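Order of the sequence lines fixes the chain letters, A, B, ..., with proteins taken first and strands second; residue numbering starts at 1 for each chain. Just so you know, these numbers come straight off a predicted model, no measurement behind them.
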2 protein chains.
Amino acid sequence: MLTDQRHQLIRDRLAAEGRVLAGELASRFGVSEDTVRRDLRELAKAGHCRRVYGGAVAAAPFAAAPIGLRGGHAVEEKARLAGTAVALLSRGQTLFIDGGSTNVAIAKAIPRDLELTIATNSLGVASALSDHPLVELTMLGGRFVRDLGTCVGADTLAAIAQLGADLFFLGSCGLDASRGVTAFDSAEAEVKRAMAKNSAGIVIAVTNDKLATAAPYRVAGADAIRHLVVEKTAPAAILADFERQGAEIHFA
Amino acid sequence: MLTDQRHQLIRDRLAAEGRVLAGELASRFGVSEDTVRRDLRELAKAGHCRRVYGGAVAAAPFAAAPIGLRGGHAVEEKARLAGTAVALLSRGQTLFIDGGSTNVAIAKAIPRDLELTIATNSLGVASALSDHPLVELTMLGGRFVRDLGTCVGADTLAAIAQLGADLFFLGSCGLDASRGVTAFDSAEAEVKRAMAKNSAGIVIAVTNDKLATAAPYRVAGADAIRHLVVEKTAPAAILADFERQGAEIHFA
DNA sequence: TTTCTATTTGCACGTTCTTGCATGTTCTGC
DNA sequence: GCAGAACATGCAAGAACGTGCAAATAGAAA
């Protein structure tokens, strides 16, 4: 196994789970723990992770994610959500992924050996996927909105209209059992609606702070959500409301 | 087996698997590992892959390589070219910028206080511009080509057809006074042609190694070039040919 | 075809890199 | 504070590497 390959796999695992254990990696790769420790030391030196006793944890991705990763605190939590979310994927599927830091984390967590077709209007997601050799990637162009890191507008909508997907990873929004899925921006909401319309199922992965909140623009009803990926500590009462409307709950 | 044939097979394998092993390729092709190493060295020099101990991995086309010292000179030279190229810009202009590392350098070099409208099909250029507050940015979507870091295809062409620009920064191509501007990829050439058609002027910034070279697909004649940005050490004889056909030469 | 030249290839050599082990040190949980 | 795990460091074996050189090969010229 190539050193570089090991490094990549460790980074994948860091993106998916937020942490790695030296011993576990050693047995997985079939190398000594010393070698793993050397790898982790180098990755830490390059800023890809932070070394801790027993392994390493994901570092705040400054350089890796130039766009729209504002929430630096919840990095590890988002990586955990992402790891659970990508477990929903299977080979050959077609996905819509829109913007938001959680969706960037999900894009990073997608295994490199998984064959997928993905369309996204997020520059961050596209960048994260640009080194996944088996992903057929379509960039949905349009007017670039700096604050969101995504493309919106008529061109974006026209491109979406020509596509259909198995799953739509809907990100960065308000989420309320009665008001449904909502967005902060009109044009953004329009794009999300178009993606939702052309998808067989919607997946939403959220941290607790998004639960039971709402934004001005409505995207879809809560009953449109097929998979809801949440933290272990999410309030059961809120989740029950979504579950009643047909959502499948996945705990990260 | 022909050298070019081997190179192509290696590139195919890199595209499919993201990595290759020197020993594996040697036995597969029936040549010595030395030959394979030479191949990998050349492919790496051409930017098609990154050399690692034991083999090579697919190159990240537009990823900034701050650590790599190998291309240190080229990076510095490209930054100098970029600085000269952005001096051609003035407030309120509309630009097309396509892919290539030189264009990413140019995008980075654009002053943050300059008001511009820019359309690009390059993920790297878009990322570089995503923190320029006064740039109105349009992402030209389409099928994403990993090797180029750009979007191509019918969607891209359709989006370009709706736009017009003052200047087109045409990147990463072969450049010859008689054969004109050429590209390595058919779809890429098509996009460049569309951008050229809808632009009032073409700007090309090249390092010396691109001068007097040609690729299979023709994009435009040498007489279409309005501004040619070159290194100070560029051969005067070659430049004279371009100047005769109407290009304005700018030394970085 | 034959000859000449330029390129490619394989081999030998010395060098560099990676890796696992041994050693001694540091950290964590009890 | 103690025991054990995790760690850093030094070291040696082996693999991978680059380079110089000669043989082999391809392509052009005669």
Report summary line: To the nearest angstrom, the CZ-C1' distance between B/R41 and C/dT9 comes to 13 Å
Query raised in the report: Residues in ring-ring contact (aromatic ring centres under 6.0 Å, His included) with B/H132, at least two apart?
Result: none
Query raised in the report: What's the spacing between A/T102 OG1 and A/I204 CD1 if we round to 0.5 Å?
Result: 11.0 Å
**Report entry** side chain to side chain contact (heavy atoms under 4.5 Å, CB included) partner of B/I97, chosen from B/N103, B/N121, B/V104, B/L170
**Finding:** B/N103
Report task. For the residue pair A/H250 and A/H227, categorise the inter-ring angle as parallel (less than 30°), tilted (30 to 60°) or perpendicular (more than 60°). Result -> tilted
Query raised in the report: Roughly how far, to the nearest 0.5 Å, is the CZ atom of B/R6 from the CD atom of B/E42?
Result: 8.5 Å
Report task. Map B/R6 and A/M1 onto DNA chain C by nearest heavy atom, then report which one ends up closer to the 5' terminus. Result -> B/R6
Check nucleotides 24-30 of chain C against the protein and report each pair of N or O atoms closer than 3.5 Å, with its distance, or say if there are none.
residue, atom, partner, partner atom, Å
C/dC27, O2, A/Y53, OH, 3.2

Report task. Residues of residues 27-40 of chain B with any non-hydrogen atom less than 4.0 angstrom from an atom of DNA chain D: list those, numerically ordered, please. Result -> B/D34, B/R37
Query raised in the report: Donor-acceptor pair, B/T35 side chain versus B/V31 backbone, under 3.5 Å?
Result: no
Query - Inter- and intrachain pairs under ring pair (Phe, Tyr, Trp, His ring centres under 6.0 Å), touching residues 37-57 of chain B, at least two apart - result: none
Requested in this report: Give a yes or no answer on whether the side chain of A/T120 reaches the backbone of A/S122 with a donor-acceptor pair at less than 3.5 Å.
Outcome: yes
Query raised in the report: First contact, last contact: which nucleotides of DNA chain D are these for chain B, 5' to 3', heavy-atom distance under 4.0 Å?
Result: D/dA15 to D/dT19
Query raised in the report: Does atom CZ of B/R112 have more than 12 heavy-atom neighbours, drawn from other residues, nucleotides or ligands, at distances under 6.0 Å?
Result: yes
Query raised in the report: Without hydrogens or angle criteria, can the side chains of B/D12 and B/Q8 be said to hold a donor-acceptor pair below 3.5 Å?
Result: yes
Requested in this report: Report yes or no: do B/D98 and B/T150 form a side-chain donor-acceptor pair below 3.5 Å?
Outcome: no
Report task. Would you check if there is a donor-acceptor pair between the side chains of B/K78 and B/T207 at a distance under 3.5 Å? Result -> no
Query raised in the report: Which whole-number value in Å describes the distance from B/H7 NE2 to C/dT7 C1'?
Result: 13 Å
Query raised in the report: Between the two ends of the helix from C/dT1-D/dA30 to C/dC30-D/dG1, what is the bend in degrees, rounded to 10 degrees, where each end axis spans five pairs?
Result: 50°
Query - Interatomic distance, B/I225 atom CD1 to B/Q245 atom CD [nearest 0.5 angstrom] - result: 8.0 Å
